[in-house]
Amino acid sequence: QVQLVESGGGLVQAGGSLRLSCAASGYTFSRYAMGWFRQAPGKEREWIAAVTWSGLVKYYADSVKGRFTISRDNAKNTLYLQMNSLKPEDTAVYLCARHNSGSTYGEGAAYDRWGQGTQVTVSS
């Protein structure tokens, strides 16, 4: 069955960096666009980045543009999120998801499989 497993979260000071990974299995990873979302306590889930199946086209939410970079390695069935210049407001559970509905990358309804998430905490 389809599985998405995130890793790489942790506690980091403001201004620091983290690299998240999302290992995919149970399907042909290279055929699907992928996305990253995050959810902070008491807030709605927020889309933050997406990448097309080839890895050539990337999209970002304004809140992370210029600080975060999404990438993928189709040979390793793995999605990444490089997070730099982290801020306390980036604190959240980060989830990867498989895109399966047209080109609406910023909407959760366009994704059909989700990982369990990895916690990122940024201290001030």
Side-chain angles (χ1 to χ4, degrees):
Q1 70 276 23
V2 174
Q3 282 194 317
L4 300 173
V5 180
E6 302 91 340
S7 61
L11 174 64
V12 63
Q13 288 189 332
S17 299
L18 281 175
R19 188 195 196 201
L20 306 184
S21 298
C22 170
S25 61
Y27 72 103
T28 305
F29 178 70
S30 61
R31 291 184 179 177
Y32 291 83
M34 297 290 294
W36 284 101
F37 289 75
R38 66 186 180 186
Q39 187 158 22
K43 294 187 177 181
E44 292 189 355
R45 186 177 58 197
E46 176 190 13
W47 169 78
I48 56 174
V51 61
T52 57
W53 64 269
S54 65
L56 294 179
V57 183
K58 305 174 183 182
Y59 304 90
Y60 298 95
D62 288 343
S63 58
V64 305
K65 197 174 295 182
R67 300 188 299 122
F68 291 10
T69 302
I70 189 171
S71 62
R72 65 191 296 162
D73 185 335
N74 286 343
K76 295 182 178 180
N77 292 340
T78 303
L79 176 73
Y80 302 100
L81 185 69
Q82 177 66 44
M83 305 187 296
N84 298 330
S85 303
L86 283 161
K87 305 174 182 179
E89 51 263 44
D90 294 319
T91 295
V93 174
Y94 284 71
L95 307 101
C96 64
R98 186 180 77 171
H99 183 267
N100 195 29
S101 179
S103 61
T104 311
Y105 294 109
E107 296 182 6
Y111 297 79
D112 66 348
R113 294 290 189 274
W114 296 80
Q116 292 298 309
T118 185
Q119 176 70 46
V120 171
T121 303
V122 184
S123 63
S124 56

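If you're wondering where the values come from, they're calculated on a predicted model, not measured in any experiment. Because only heavy atoms are used, hydrogens play no part in the values below, and waters and symmetry mates are left out as well, while side chains stay in.
- A distance of 5.0 Å separates OG of S123 from CD of Q13, quoted to the nearest 0.5 Å.
- Surrounding CD of Q39 are more than 12 heavy atoms belonging to other residues, nucleotides or ligands, all under 6.0 Å away.
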- Item | S7 and T118: CA distance, side-chain angles, deciding distance, side-chain contact (heavy atoms from CB on, under 4.5 Å) verdict | CA-CA 6 Å; S7 61; T118 185; 5.7 Å; no
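- Smallest separation of non-hydrogen atoms from P88 and A14: CD-CB, 4.1 Å.
- Closest of all the heavy-atom pairs between R98 and L4 is N-CD1, 3.9 Å.
- Between G115 and L95, the shortest heavy-atom contact is O-CD2, 3.5 Å.
- Salt bridge present: K65 and D62 bring a charged side-chain N and a carboxylate O closer than 4.0 Å.
- How far OG1 of T121 is from CG of D90: 11.0 Å, rounded to the nearest 0.5 Å.
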- Task: Could you go through the side-chain contact (heavy atoms from CB on, under 4.5 Å) check for Y60 and T69 one step at a time?
- Result: CA-CA 8 Å; Y60 298 95; T69 302; 3.7 Å; yes
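- When ring centroids are compared, F37 and W114 come within the 6.0 Å threshold.
- Nearest heavy atom pair, residue V122 against residue K87, reads CB-O, 3.2 Å.
- There is no path of hydrophobic side-chain contacts, each under 4.5 Å, that joins W36 to Y111.
- Side-chain contact between F29 and T78 is absent, with no heavy atoms from C-beta onward closer than 4.5 Å.
- Closest approach of N84 and S17 over heavy atoms only: OD1-OG, 2.9 Å.
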- Task: Could you walk me through whether R113 and Y32 pass side-chain contact (heavy atoms from CB on, under 4.5 Å), step by step?
- Result: CA-CA 11 Å; R113 294 290 189 274; Y32 291 83; over 6 Å; no
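- Cluster membership for V51 and V64, using ILVMFWY side-chain heavy atoms within less than 4.5 angstrom, is shared.
- Membership of an apolar cluster is not assigned to W53, as no side-chain contact below 4.5 Å to another ILVMFWY residue is traced.
- Note on F68: it does not cluster hydrophobically with Y80, by side-chain heavy-atom contacts below 4.5 Å among ILVMFWY residues.
- Atom OG of S30 sits about 11.0 Å away from atom CG of D73, to the nearest 0.5 Å.
- The structure places CD of E6 at 7.5 Å from CD of Q116, a figure rounded to the nearest 0.5 Å.
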- Message: Is there a side-chain contact (heavy atoms from CB on, under 4.5 Å) between S21 and K76? Walk through the geometry before answering.
- Response: CA-CA 11 Å; S21 298; K76 295 182 178 180; over 6 Å; no
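- Grouping the Ile, Leu, Val, Met, Phe, Trp and Tyr side chains by contacts below 4.5 angstrom, directly or via other members, places I48 with V12.
- Within the structure, disulfide bond (SG atoms under 2.5 Å apart) contacts touching residues 26-88 (residues at least two apart or in different chains) do not occur.
- Considering every non-hydrogen atom in both R72 and S54, the closest pair reads CD-C, 4.5 Å.
- No continuous path of ILVMFWY side-chain contacts below 4.5 Å connects L79 to W47, so the two sit in separate hydrophobic clusters.
- To the nearest 0.5 Å, the span separating NZ on K58 from CE on M34 amounts to 14.0 Å.
- In this structure, the separation between CZ on R38 and SG on C96 is 15.5 Å, given to the nearest 0.5 Å.
- None of L81, V93, T91, L20 except one satisfies the side chain to side chain contact (heavy atoms under 4.5 Å, CB included) rule with V120; the exception is L20.
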